[in-house]
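Everything below concerns the one structure shown next.
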Amino acid sequence: MKFTELTTHTTSEGSELVADVMWRYTNYGVAISDVSDVIALQKDKVMYWDYMDEDLTRDREEVLVKAYVPLDEADKIIPMIRADIEEIVRNSEGLISFGSLEQTSREVEGDEWLEVWKSHFKPIHIGEKIVVVPEWVAHEKKPGEEIVKLDSNMAFGTGEHETTSMCLELLQDYLTADSVCVDVGCGSGILGISAIKLGAKHAYLTDIDYVAVESAKHNAKINGVEDCVTVAHSDLLQDTDISGDIVLANITADVLTRLAPSILKNLAPGGTLILSGIIDSAVDKVLKAYGDEGLTLERRVKKGEWTALAYKN
């Protein structure tokens with residue numbers, strides 16, 4: 001089978017969003033080539049990363065995001081990818097730099113691509129308990145570990161990115177037995193599924209992306225927690241009667257700021273709100289928005305150029 005390899009030139013801060021767009025249009029693999037991952041790996045030997053293009057080391061400022069789409073669908077899909085990326089750039093204006101967004105494409109032989117791509121993913125240990133494991137990888141559970149499996153379409157949060165790992169680490173610090181968890185912008189469902197694995201009673205997940213919703217449902221099923229997880233295709237939970245002991249939102253800073261007045265309607269008295277996806281340049285804006293709502297800042301965690309915040313209601 002032949003594929004078109006579409007490469008988008010962007011930045012570290014924009015790469016996750018670009019990759020999310022690409023995942024909407026392919027089930028055949030998306031790879032992020034970021035030299036900063038290699039630098040981090042040298043400093044932290046427990047960090048895993050999936051792919052590196054040797055040419056990337058020539059320019060530390062540029063990140064390559066590559067998507068693989070069937071050759072016969074490329075003419076239709078590539079303009080759609082471009083349009084969605086441009087929409088995200090407009091929505092993030094002034095908050096995130098995306099670089100040149102130059103795109104190039106080439107034809108590649110793809111018969112072995114999926115297996116090669118899959119071979120680069122390894123289990124990721126996050127915090128004291130959670131181990132994120134690709135669905136196709138055999139991993140023997142060790143005492144004290146909680147395994148979270150993700151399927152092959154791992155676009156919307158795998159635990160590798162700092163924003164997701166900080167959420168998972170904070171979740172392990174604040175979650176108690178029988179907690180109810182709410183995840184706004186759930187992506188793959190990794191946070192809500194992890195909450196159930198850690199002992200939460202129920203998890204309510206929402207996302208505006210239909211593909212993410214279907215991915216979250218599937219991941220809940222393969223983890224055997226579908227009876228404890230409710231996934232909704234919406235901007236926020238429509239049911240104001242749902243009250244979470246922990247509410248998580250790992251989305252962009254501009255969306256977090258916009259949601260500040262309404263996201264609290266689903267946070268129980270004395271509950272914990274965990275926010276992530278906040279680029280350095282937007283931290284003060286988010287702090288002000290949630291401070292104005294009367295929440296008490298308990299923790300502030302930073303990894304790379306990203307910050308996560310934990311508030312008490």
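Basis for what follows: all heavy atoms, side chains included, without hydrogens, waters or symmetry-related copies.
Nearest approach of Glu62 to Ser100, heavy atoms of both residues: OE2-OG, 4.2 Å. Of all the heavy atoms in Val231 and Ala216, the pair that sits closest is CG1-CB, 4.2 Å. Taking both residues in full, the closest heavy atoms of Ala67 and Val30 are given as CB-CG2, 4.2 Å, listed atom of the first, atom of the second, then distance. Considering all non-hydrogen atoms of both residues, Ile196 and Ala200 come closest at CD1-O, 3.6 Å. Looking at every heavy atom in both residues, Leu191 comes nearest to Cys167 through CD2-CB, 3.7 Å. The two atoms that bring Gly187 and Asp207 nearest to each other are N-OD2, 2.9 Å, heavy atoms only.
Using modelled atom types, one side-chain atom of Asn219 and one backbone atom of Ser188 make a donor-acceptor pair closer than 3.5 Å. A donor-acceptor pair under 3.5 Å is absent between the side-chain atoms of Tyr68 and the main chain of Val108, judged by distance alone. Although no hydrogens or angles enter the test, the distance criterion places no donor-acceptor pair under 3.5 Å between the side chain of Ser92 and the main chain of Val89. A distance-only check finds a donor-acceptor pair linking the side chain of Asp245 to the backbone of Val180 [under 3.5 Å]. Under the 3.5 Å distance criterion, the side-chain polar atoms of Glu107 are left unmatched by any main-chain donor or acceptor of Phe3. Side-chain N or O atoms of His233 include one that pairs as donor or acceptor with a backbone N or O of Ile208 at under 3.5 Å.
The side-chain contact (heavy atoms from CB on, under 4.5 Å) check on Thr230 picks up His202, Tyr204, with sequence neighbours excluded.
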Passes salt bridge (charged side-chain N to carboxylate O under 4.0 Å, His left out), Glu226 versus Lys221? Steps please.
-> CA-CA 5 Å; Glu226 65 268 35; Lys221 185 175 182 179; over 6 Å; no
Go through Thr176 and Ser179 one step at a time and tell me if the side-chain hydrogen bond (donor to acceptor under 3.5 Å, both in side chains) criterion holds.
-> CA-CA 6 Å; Thr176 58; Ser179 293; 3.0 Å; yes
Please step through side-chain hydrogen bond (donor to acceptor under 3.5 Å, both in side chains) for the pair Tyr25 and Asp84, ending with a clear verdict.
-> CA-CA 11 Å; Tyr25 297 99; Asp84 281 9; 2.7 Å; yes
Would you sort out whether Ile77 and Thr26 count as a side-chain contact (heavy atoms from CB on, under 4.5 Å), showing the intermediate values?
-> CA-CA 9 Å; Ile77 288 176; Thr26 182; over 6 Å; no
Passes side-chain contact (heavy atoms from CB on, under 4.5 Å), Leu273 versus Leu264? Steps please.
-> CA-CA 8 Å; Leu273 174 66; Leu264 303 183; 3.9 Å; yes
What's the verdict on side-chain contact (heavy atoms from CB on, under 4.5 Å) for Leu6 and Met22, showing C-alpha distance, side-chain angles and the deciding distance?
-> CA-CA 9 Å; Leu6 175 66; Met22 289 179 161; 4.2 Å; yes
For Lys288 and Asp292, run salt bridge (charged side-chain N to carboxylate O under 4.0 Å, His left out): C-alpha distance rounded to whole Å, both residues' side-chain angles, the deciding distance at 0.1 Å, then the answer.
-> CA-CA 6 Å; Lys288 181 180 187 308; Asp292 288 348; 2.9 Å; yes
Passes side-chain contact (heavy atoms from CB on, under 4.5 Å), Glu293 versus Ile263? Steps please.
-> CA-CA 10 Å; Glu293 297 300 321; Ile263 200 172; over 6 Å; no
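Taking the side chain as every heavy atom from C-beta outward, Asp183 and Thr206 never approach each other to under 4.5 Å. Proximity of Val283 to Arg300: side-chain heavy atoms (C-beta onward) are separated by under 4.5 Å at one or more points. With a 4.5 Å cut-off on side-chain heavy atoms, Pro123 and Val137 count as touching. Residues Ile88 and Val21 are in side-chain contact: their nearest non-hydrogen atoms beyond the backbone lie under 4.5 Å apart. Inter-residue side-chain proximity for Ile32 and Glu16 is flagged as met; some heavy-atom pair is nearer than 4.5 Å. By the 4.5 Å heavy-atom criterion applied to side chains, Gln103 and Thr7 are not counted as neighbours. Side-chain contact between Leu248 and Val184 is absent, with no heavy-atom pair separated by less than 4.5 Å. Side-chain contact between Lys149 and Pro134 is absent, with no heavy-atom pair separated by less than 4.5 Å.
The number of heavy-atom neighbours closer than 6.0 Å to CG of Asp75, taken from other residues, nucleotides and ligands shown, is 12 or below. With a 6.0 Å radius and a threshold of 12 heavy atoms from other residues, nucleotides or ligands, Glu214 has its CD atom above the threshold.
The CD atom of Glu13 sits 5.5 Å away from atom OG of Ser97, with the distance rounded to the nearest 0.5 Å. With values rounded to the nearest 0.5 angstrom, Asn250 atom CG is found 11.0 Å from Leu170 atom CG. Note that OH of Tyr290 is 9.5 Å distant from CG of Leu309, once rounded to the nearest 0.5 Å. Atoms CD1 and OG, on Ile96 and Ser281 in that order, are 8.0 Å from each other to the nearest 0.5 Å. In this structure, Lys129 NZ and Ser194 OG are separated by 12.0 Å, a value rounded to the nearest 0.5 Å. Of the inter-residue distances, the one linking Ile278 atom CD1 with Ile251 atom CD1 reads 9.5 Å to the nearest 0.5 angstrom.
If you chain together hydrophobic residues whose side chains sit under 4.5 Å apart, Ile222 and Ile147 never meet in one group. Each of Val69 and Leu71 belongs to its own hydrophobic cluster when Ile, Leu, Val, Met, Phe, Trp and Tyr are linked at side-chain heavy-atom distances under 4.5 angstrom.
With Asn223 as reference, Lys197 is the one residue of His218, Glu146, Lys197, Glu135 to meet the side-chain contact (heavy atoms from CB on, under 4.5 Å) rule. If you run side-chain contact (heavy atoms from CB on, under 4.5 Å) between Leu198 and each of Leu168, Leu171, Val148, only Leu171 comes through.
Electrostatic pairing of Arg299 and Asp173 counts as a salt bridge here, judged by a charged N lying under 4.0 Å from a carboxylate O.
The side chain to side chain donor-acceptor pair (under 3.5 Å) pairs that include a residue from residues 301-313 are Ser165-Lys303, Glu169-Lys303, Thr272-Lys312, Asp280-Lys302, where partners are two or more places apart or lie in different chains.
Glu145 and His139 share a side-chain donor-acceptor pair at under 3.5 Å.
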